[in-house]
Amino acid sequence: MASGLLATRGLLAFGFQYQHACRSVVITQTRHKKRWMRSYERIMAEKLKMEGPSPPKRRSEKPNWDYHAEVEAFGVRLQENFQLERLKTAFVNPCYVRTEQEKRGALGLDPEVAALNLKDNLELQTKGQAFIQGFLSDWVRASFPSLPAEGTAALVSHLMGPEVACHVARNLGVEDLTMSAEFPVPDEVLYSTFCAVVAALEESSGPQRAGLFLRDFLTAQLIGKDLFDVWSVVNPMGLLVEECTRRGLPLPEPRLLRSAGVSTVLPLYFVGLYCDKKLLAEGPGETLLAAEEEAARSALRKLYCYTESCRPLDFSPISPQTTSQATTTQQALSSG
């Protein structure tokens, strides 16, 4: 009882002392921003509005840049084995060499004394473009065997287009290593540099590794792409008739399945195509002709095995056992 009373008195005494100490503390209000920050930001915003944004800088013009280390890291990052000198040559464009020679001539330097020991990638560009053309043609024919020659050419032309190739090159970091006279690097220069890099990989690791590189990065751009967004067909119904005739199938018969809002400004029709009394495909449209064309496109996708429900593209890695078997078979064929 006595010990409890002493403990209570001790707590009360401590509380009085803590309250007295807190009364002597002075609390000051602090600002999260300095007083000069508002005027500084206003001046900088007005300066940006008057002068415009600063021009883009090359990565080599920024701090912490080592070109040789970046070139070596390029192949390691992609898990590819490049010959370092061939890879460096692949990044040197003729426009860069020409511009550097003009700069040295403008400074009055002797061309023989201050010679630029750089070889451009013109040879690698031609070789890489031919390799990409051949590989993509074989890959599209193997992946879509039912596709006609016009469709195959359209897919190859789409994948080899500057838009797709430059998109892949920029995301792989090719633009930062490209030696070009202009910056940002023009699409045609970046496209030629990408072709040169592919040729450098073919010379360094062989055509099989270069083909896998194109398969993993370039052909993957077809994922989620509709066939007729790449291949422009003016008359899909006529193409469907030709395809059915070639395959020995009865000619398709269009029939109106259902419609909605016919008397409104936004009508909708669903037309089905029947082949041998079986529904081949159906498609919607604002008019009967548009619905028939959409149904024909849907039927062509099924005939060409280019639908979302088809078997996905094969991007599986090649095992070392398969590679050794292919090498053994090739050696046996060559020796025989």
Side-chain angles (χ1 to χ4, degrees), residues 132-168 214-316:
I132 294 173
Q133 177 79 29
F135 172 80
L136 291 180
S137 300
D138 296 339
W139 183 85
V140 171
R141 282 194 294 266
S143 300
F144 307 101
S146 302
L147 206 62
E150 296 82 1
T152 301
L155 290 180
V156 173
S157 177
H158 170 72
L159 291 175
M160 286 197 66
E163 182 179 357
V164 177
C166 292
H167 171 73
V168 174
L214 293 176
R215 186 202 66 175
D216 293 342
F217 293 108
L218 198 59
T219 62
Q221 304 305 312
L222 284 179
I223 297 176
K225 203 77 174 178
D226 186 71
L227 175 62
F228 296 104
D229 289 343
V230 178
W231 181 20
S232 179
V233 178
V234 180
N235 186 12
M237 193 63 186
L239 181 61
L240 179 61
V241 171
E242 293 178 3
E243 192 66 30
C244 291
T245 305
R246 187 176 63 86
R247 300 189 181 200
L249 300 175
L251 296 181
E253 300 178 3
R255 297 180 186 178
L256 179 63
L257 299 180
R258 56 191 181 275
S259 60
V262 178
S263 59
T264 64
V265 295
L266 293 175
L268 182 62
Y269 301 92
F270 281 87
V271 173
L273 295 178
Y274 285 82
C275 186
D276 196 13
K277 298 181 180 181
K278 295 181 180 179
L279 181 63
L280 182 60
E282 64 176 88
E286 296 182 357
T287 61
L288 289 174
L289 181 59
E292 182 180 335
E293 290 181 354
E294 186 60 33
R297 291 189 182 94
S298 180
L300 289 171
R301 293 188 191 98
K302 290 183 179 180
L303 293 178
Y304 296 150
C305 298
Y306 199 102
T307 59
E308 295 180 355
S309 59
C310 287
R311 183 177 181 180
L313 301 175
D314 185 16
F315 291 100
S316 58

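For clarity, every value in this text was computed on a predicted model and none was experimentally measured.
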(request) Provide the full list of side chain to side chain donor-acceptor pair (under 3.5 Å) pairs with a residue in residues 279-299, sequence neighbours left out, each pair given once. (result) Arg258-Glu282
(request) Not counting sequence neighbours, list each pair that qualifies as a side chain to side chain donor-acceptor pair (under 3.5 Å) and has a residue in residues 141-154. (result) Asp138-Arg141
(request) Can you measure from CG (Leu279) to OH (Tyr274) and round to the nearest 0.5 angstrom? (result) 5.0 Å
(message) According to ring-ring contact (aromatic ring centres under 6.0 Å, His included), who are the partners of Phe270, at least two apart in sequence or on a separate chain?
(response) none
Could you list the residues that satisfy side-chain contact (heavy atoms from CB on, under 4.5 Å) with [X], not counting sequence neighbours?
X	answer
Ala295	Leu273
Pro267	Tyr269
Val164	His158, Leu218, Gln221
Leu266	none

For residues 222-240, run the donor-acceptor check on the side chains, cut-off 3.5 Å, and write out each pair with its distance to 0.1 Å, sequence neighbours left out.
{"residue": "Asp226", "atom": "OD1", "partner": "Arg301", "partner atom": "NE", "Å": "2.9"}
{"residue": "Asp226", "atom": "OD1", "partner": "Arg301", "partner atom": "NH2", "Å": "3.4"}
{"residue": "Asp226", "atom": "OD2", "partner": "Phe228", "partner atom": "N", "Å": "3.1"}
{"residue": "Asp226", "atom": "OD2", "partner": "Arg301", "partner atom": "NH2", "Å": "3.3"}
{"residue": "Asn235", "atom": "OD1", "partner": "Gly238", "partner atom": "N", "Å": "3.2"}

(request) Taking all heavy atoms of Pro250 and all of Cys275, pick out the closest pair and write down the distance. (result) O-SG, 3.2 Å
(message) If we ignore hydrogens and angles and just use 3.5 Å, is the side chain of Lys302 paired with the main-chain N or O of Leu280 as donor and acceptor?
(response) yes
Are the side chains of [X] and [Y] in touch, meaning some heavy atoms are under 4.5 Å apart?
X	Y	value
Leu268	Val262	no
Pro252	Cys244	yes
Leu136	Thr219	yes

(request) Would you please test Val271 and Leu257 for side chain to side chain contact (heavy atoms under 4.5 Å, CB included) and show each step? (result) CA-CA 5 Å; Val271 173; Leu257 299 180; over 6 Å; no
(request) Can you tell me which residue pairs pass the ring pair (Phe, Tyr, Trp, His ring centres under 6.0 Å) test with a partner in residues 276-305, sequence neighbours excluded? (result) none
(message) Give me each pair satisfying ring pair (Phe, Tyr, Trp, His ring centres under 6.0 Å) with a member in residues 280-300, each pair once, sequence neighbours excluded.
(response) none
(message) Tell me which one of Val156, Leu155, Ile132 satisfies side chain to side chain contact (heavy atoms under 4.5 Å, CB included) with Ser137.
(response) Val156
(request) Applying salt bridge (charged side-chain N to carboxylate O under 4.0 Å, His left out), name anything that partners Glu253, two or more places apart in sequence or on another chain. (result) Arg255
(message) Taking salt bridge (charged side-chain N to carboxylate O under 4.0 Å, His left out) as the definition, give me every residue that meets it alongside Asp216, ordered by chain and number, with sequence neighbours left out.
(response) none
(message) Students often mix this up, so state it plainly: with edges at 30° and 60°, are the rings of Tyr306 and Phe144 parallel, tilted or perpendicular?
(response) tilted
(message) Taking the basic N atoms (NZ, or NE/NH1/NH2) and the acidic carboxylate oxygens, is any pair closer than 4.0 Å for Arg247 and Glu243?
(response) yes
